[in-house]
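To keep things clear, I will list the structure first and then write my remarks on it.
Nothing here was measured: the structure is a model prediction, and the numbers come from that model.
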Amino acid sequence: MKHVIALDVGGTGMKAALAGPGGEVLHRARRATGRAQGPDAVVAGILDFAAELRAYGAERFGTPASAAGVAVPGIVDEAQGLAVYAANLGWRDVPLRDLLTQRLGVPVALGHDVRTGGLAEGRVGAGRGADRFLFVALGTGIAGAIGVDGRVEAGAHGFAGEIGHIVVRPGGVLCPCGQHGCLERFASAAAVSEAWAAASGDPGADAADCAKAVDAGDPKAEAVWQEAVAALADGLVTALTLLDPRVLIIGGGLAEAGETLFTPLREAIRSRITFQKQPALVPAALGDTAGCLGAGLLAWDLLDHTDRMEVTP
């Protein structure tokens, strides 16, 4: 049976699948990333894991995978197949696509983790059927994926969708990127956790605790939450003005608060827009499987493109 390898590399773990022609998951596997052993060991682990998946597919389905798609964090040059930089994994300028191609003997597509997850959400998840969508992940940081006609825009240098570094509070808190007042310093799950830990006096409190306190009517929690929602709405309206998406998909840890987040966020966006059209604002549907599913889509897209190229006169 024809299938592809899909691999989503995270800071602590790797999620993998073998995917069939219709996107159906034929096999799932997980493994620790092993970042404590250093970047070289991480790369070796990725190559070994992919090779094991290839061997399993060949034995189980009678033929090896036709292609592979791999999603990785950090800065990714998708055109060159380079994992340029990832702070969590410690690597720089790793030619991961070429290494995997040599190991597997099949075409390999390399993608950015959030853009790859956004691709899956746009095609088979919460944005299914939308010609234009914006996927925003509210996690430790904030990143996005710009969807256009079934594909995700990487940008000229691989930085498209970095909505977390829109400045929403000029002169505000210093961001690790070097700017002051970036969106992710106010509206990421990490930022809300930090603000609520300070406001509650509980150093172990996090964003989920803040959301629960909001639901319980805690005024301190409401103040922290409102500040985050206001900053998020400011950043999103900037993005809406530039991109005019039909659907706005919100995922990541903060989105797990459900309507505690979505109800005030819809209203905050509505109160800020003037000529812009408010898109449908929906929660992500695929959870932590999005990156792996998206990696599979990248692999099938690569095969489709190769097939078309082969028959072009």
Same cluster (ILVMFWY, side-chain, under 4.5 Å), Val247 and Ile163: no
ILVMFWY cluster, Ile75 and Ile146 together (side-chain gap under 4.5 Å): no
So for atom [atom1], which belongs to [X], do other residues, nucleotides or ligands contribute more than 12 heavy atoms lying within a distance under 6.0 Å?
| X | atom1 | result |
| --- | --- | --- |
| Arg270 | CZ | yes |
| Glu227 | CD | no |
| Arg31 | CZ | yes |
| Arg28 | CZ | no |

Look at the side chain of [X] and the backbone N and O of [Y], then say whether any donor-acceptor pair between them is shorter than 3.5 Å.
| X | Y | value |
| --- | --- | --- |
| Arg60 | Tyr56 | no |
| Thr263 | Thr260 | no |
| Gln276 | Thr274 | yes |
| His165 | Leu183 | no |
| Arg97 | Gln80 | yes |
| Ser188 | Gly141 | no |
| Glu78 | Gly111 | no |
| Ser200 | Asp202 | yes |
| Ser66 | Lys2 | no |
| His157 | Phe159 | no |

Hey, what do you get for [atom1] ([X]) to [atom2] ([Y]), rounding to the nearest 0.5 Å?
| X | Y | atom1 | atom2 | answer |
| --- | --- | --- | --- | --- |
| Asp131 | Arg246 | CG | CZ | 4.0 Å |
| Leu281 | Phe262 | CG | CZ | 5.5 Å |
| Met14 | Leu7 | CE | CG | 6.5 Å |
| Leu240 | Gln278 | CG | CD | 8.0 Å |
| Thr116 | Leu298 | OG1 | CG | 4.5 Å |
| Leu110 | Leu100 | CG | CG | 8.0 Å |

Hey, are the side chains of [X] and [Y] touching, using non-hydrogen atoms and a 4.5 Å cut-off?
| X | Y | result |
| --- | --- | --- |
| Val9 | Asp113 | no |
| Leu18 | Val4 | no |
| Phe135 | Val114 | yes |
| Leu236 | Leu265 | yes |
| Asp93 | Tyr85 | no |
| Leu82 | Pro95 | yes |
| Gln179 | Arg185 | no |
| Pro73 | Leu89 | yes |

Give a yes or no on whether a salt bridge exists between [X] and [Y], defined as a side-chain N under 4.0 angstrom from a carboxylate O.
| X | Y | answer |
| --- | --- | --- |
| Lys212 | Asp206 | no |
| Arg103 | Asp48 | yes |
| Asp288 | Arg30 | yes |
| Arg169 | Asp234 | yes |

Set of ring-ring contact (aromatic ring centres under 6.0 Å, His included) partners for Phe61, sequence neighbours left out: His3
Worked check of salt bridge (charged side-chain N to carboxylate O under 4.0 Å, His left out) between Lys220 and Glu222: CA-CA 5 Å; Lys220 289 183 179 179; Glu222 289 174 352; over 6 Å; no
Name every donor-acceptor pair, under 3.5 Å, that has one atom in a side chain of residues 38-46 and the other anywhere in the protein, sequence neighbours excluded.
none

Salt bridge (Lys or Arg N to Asp or Glu O under 4.0 Å) involving Asp77 - partner list, sequence neighbours excluded: none
Residue pair Ile5, Arg54: steps toward the side-chain contact (heavy atoms from CB on, under 4.5 Å) verdict: CA-CA 7 Å; Ile5 294 168; Arg54 181 185 187 279; 4.0 Å; yes
Chi angles and distances behind the side-chain contact (heavy atoms from CB on, under 4.5 Å) call for Trp225, Asp218: CA-CA 11 Å; Trp225 201 255; Asp218 186 312; over 6 Å; no
Residues Arg35, Asn88; criterion side-chain contact (heavy atoms from CB on, under 4.5 Å); working and verdict: CA-CA 8 Å; Arg35 63 179 179 178; Asn88 286 342; 3.8 Å; yes
